[in-house]
Amino acid sequence: MIFLIVVIAILCILLVLFGYWFAMSAVRGKCPLCALKALRPSRKITIDISEVEDYDNGVAKTPPMGWSSWNTFRNHIDQDLIMETAQAMVDSGLAEAGYQYINLDDCWQSSMRDSDGKLQGDLGTFSRGIPALIKDINKLGLKVGLYSSNGTHTCEDMPASLGNEVLDARTFASWGCEYFKYDFCHKQSISGDCPVIEKIELTRLDGEDNEKTTSVFIPEDAELFGKAKVINLSKLPSGKGIGYLNHGAGSAQFKIITLPQGKYALTLVHQKAYRLKDSYAQVTVNGKMHEVFFAHGKGFSDSGRTQLVVDLKDGENIIKIENPVVTIADSSYIQYRRMGQALKNASREWAEFTGTEEKPIVFSLCEWGTARPWDWGAKAGNMWRTTHDIFPMWTSIVALYSMTIKLYQHSGVGAWNDPDMLEVGNGKLTEDENKAHFSLWCMMASPLMLGNDIRKLVDGNNNPVEGNSTLKIVTNKQLIAIDQDPLGKSAKLIKKITGVDVLARPLANGDVAICLFNKASRTRNVHINIDSIMADDYLQAQAASQYEIHDLWTDERATTTTISVSLPKHSVKVYRVKQA
């Protein structure tokens, strides 16, 4: 009985505290129900991106192919190892097979930014500097990728790019970087909170002295949408402001028609309140969005001023204020798109500045699949991680495949599902497991980023190591052609037969790639009618009286209507199929 009384008392106290918070939030101009939505563990984006254009920076029209330093070398990389790897890429025949990127993962950078605040290579292990290294690798006909994180530090606690997106993007572009992996360590999500806006002020910056007057617009001048409303707030000098702008609750829109064209300081005069992190707003001026962060903490006064510089045109100008952030996916989308836009602008601006051909930068979102990046990644970059990190173990490969194969409809030209780098040749994977791993990534139209020590694929005479199993697997031209097919359709899991996954993907010339994947730990016998696969609407294929099937691992060909095969454990069969 005593225990029950204590529980009831605690619940009553919590209910009272919740009621107090709820009431005070409303009094302070917050939408409490909207704020509660942010407490749910939702991974779905709530921002309407239906009208946002796809990223499309002109590159990665097929899944990128290359090599990354992380899987084998992790934080132990230097300029000599990278140059040796680049040379091995050429000497082994990998470059000829389509692998073109040499990607430096974490720990290429110094722990110090330079005197201008720019990232720089490690002053010891990359003493020649990253620009010189990139030039030397470019001379081999290869491209170079770099790495940072969407956080305060990288995963190895090096300087990262959150808050420095424009500066870092310009640095990468000036160095000639053509691939950029953006990780998710030490992330800081954007708050859905937004302060009450007491008024906005516009001050002309580029006019004559007598024109530099300030125009003030009060809450009654705004058109309000959603739950946004004018509230009374005694602590503000004017006693009122626009509230309920938090967590996607509503927006305020000012129509400015009285000011001449020019550059203006836009001042948001707002309520200050105690906060544990910066609050946030998006201020869109004539379609151009500006991000504004309001400092956390609490000063001695109740009113604050936060500024940005905007351009106004002659005639009507629309200024919209809102905070659309509700979920972690909203925050991730905004931050990754911010870096993506910075990269696009930087490569273009650098080409214009130097009078050289633009080198667009492939943008790889390494968000680990935490916030369903497949729902919004095509608006932010060229490819997105669908999973956490891969390891050279069969269970890891099967797990990442199983998660990514479900997402086949989200992948397409210039925008790819990425189940992480290849582990072919690493760990204790068997030859069948390496073949299966490579085949599955090719079937899923995944980026093919080698993660092994490719220097071992070249002999002492700078020639490919004859008979090397790893080299044979990753240079299989027929499988690479499937991965690089210009139609860009990922494989779909069509059906399961006695524990064997049957995958198929349509190809640009009308052929269909079919993969039989035995995940089991024993041999499986499969007998399947090809018509039963072709009937799936996703393939847009026509039934035929006979099919020509081409085994892409043995190079054997046959004309048949069925596929009958015995699959050893952890193995695949991959066929290119067309009407006979």
Side-chain angles (χ1 to χ4, degrees), residues 58-73 76-109 119-122 125-147 171-181 343 347 350-351 354 356-364 382-383 421-422 424-425 447-466 468 470-477 480 483-484:
V59 291
K61 295 300 184 182
T62 59
M65 297 174 62
W67 172 88
S68 172
S69 61
W70 182 255
N71 283 6
T72 295
F73 301 104
H76 302 294
I77 57 175
D78 58 50
Q79 57 201 10
D80 294 335
L81 182 150
I82 297 301
M83 276 307 305
E84 290 167 5
T85 300
Q87 188 64 56
M89 182 83 89
V90 175
D91 295 341
S92 64
L94 288 167
E96 185 179 358
Y99 297 92
Q100 58 178 326
Y101 293 98
I102 297 291
N103 294 335
L104 284 64
D105 210 285
D106 209 346
C107 295
W108 64 266
Q109 64 272 69
L119 291 171
Q120 58 184 338
D122 185 287
T125 54
F126 290 91
S127 58
R128 293 179 54 238
I130 300 300
L133 180 65
I134 290 177
K135 287 180 181 178
D136 286 345
I137 293 175
N138 288 165
K139 290 176 183 177
L140 296 175
L142 302 173
K143 302 176 181 181
V144 177
L146 295 173
Y147 163 99
T171 301
F172 300 147
S174 70
W175 289 350
C177 169
E178 295 180 75
Y179 182 104
F180 180 61
K181 175 183 172 182
L343 292 168
S347 64
W350 183 251
T354 59
T356 57
E357 183 178 355
E358 182 181 358
K359 290 184 175 182
I361 301 170
V362 174
F363 185 28
S364 170
N382 299 110
M383 50 192 275
M421 300 168 285
L422 292 164
V424 178
L448 300 180
M449 292 295 159
L450 302 171
N452 57 318
D453 186 351
I454 62 178
R455 298 174 302 174
K456 295 180 179 179
L457 305 181
V458 179
D459 64 21
N461 296 316
N462 298 324
N463 294 316
V465 175
E466 187 174 351
N468 183 279
T470 297
L471 186 57
K472 284 183 177 181
I473 290 170
V474 299
T475 56
N476 182 310
K477 294 181 179 180
I480 291 174
D483 180 77
Q484 297 290 297

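- Partners of Arg455 under the salt bridge (charged side-chain N to carboxylate O under 4.0 Å, His left out) rule, at least two apart in sequence or in another chain, are Glu84, Asp453.
- Residues meeting the side chain to side chain donor-acceptor pair (under 3.5 Å) test with Ser69, sequence neighbours left out: none.
- Annotation: salt bridge (charged side-chain N to carboxylate O under 4.0 Å, His left out) contacts involving residues 63-73, sequence neighbours excluded, are absent.
- Checked against side chain to side chain donor-acceptor pair (under 3.5 Å), Thr62 has the following partners two or more places apart in sequence or in another chain: Gln484.
- Not counting sequence neighbours, the partners of Thr354 by the side-chain contact (heavy atoms from CB on, under 4.5 Å) test are Trp350, Thr356.
- For the side-chain contact (heavy atoms from CB on, under 4.5 Å) test, residues two or more places apart in sequence or in another chain that qualify with Asn476 are Gln478, Leu479, Trp553.
- Residues that satisfy the side chain to side chain donor-acceptor pair (under 3.5 Å) test with Thr125, not counting sequence neighbours, are Asp122.
- Dense packing is recorded around NZ of Lys61, with more than 12 heavy atoms of other residues, nucleotides or ligands lying under 6.0 Å away.
- Judged as a side-chain contact (heavy atoms from CB on, under 4.5 Å), and not counting sequence neighbours, the contacts of Ala86 are Ile102, Ile137, Leu140, Leu142.
- Every side-chain contact (heavy atoms from CB on, under 4.5 Å) that Thr171 has, sequence neighbours left out, goes to Lys118, Leu167, Trp175.
- Lys477 is linked by a salt bridge (charged side-chain N to carboxylate O under 4.0 Å, His left out) to nothing, counting only residues two or more places apart in sequence or in another chain.
- Take Asp91 and apply the side chain to side chain donor-acceptor pair (under 3.5 Å) test, not counting sequence neighbours, and it matches Gln87.
- Closest approach of Asp78 and Leu81 over heavy atoms only: OD1-N, 2.8 Å.
- Listed by chain and residue number, Tyr101 satisfy the ring pair (Phe, Tyr, Trp, His ring centres under 6.0 Å) test with Tyr179 (two or more places apart in sequence, or in another chain).
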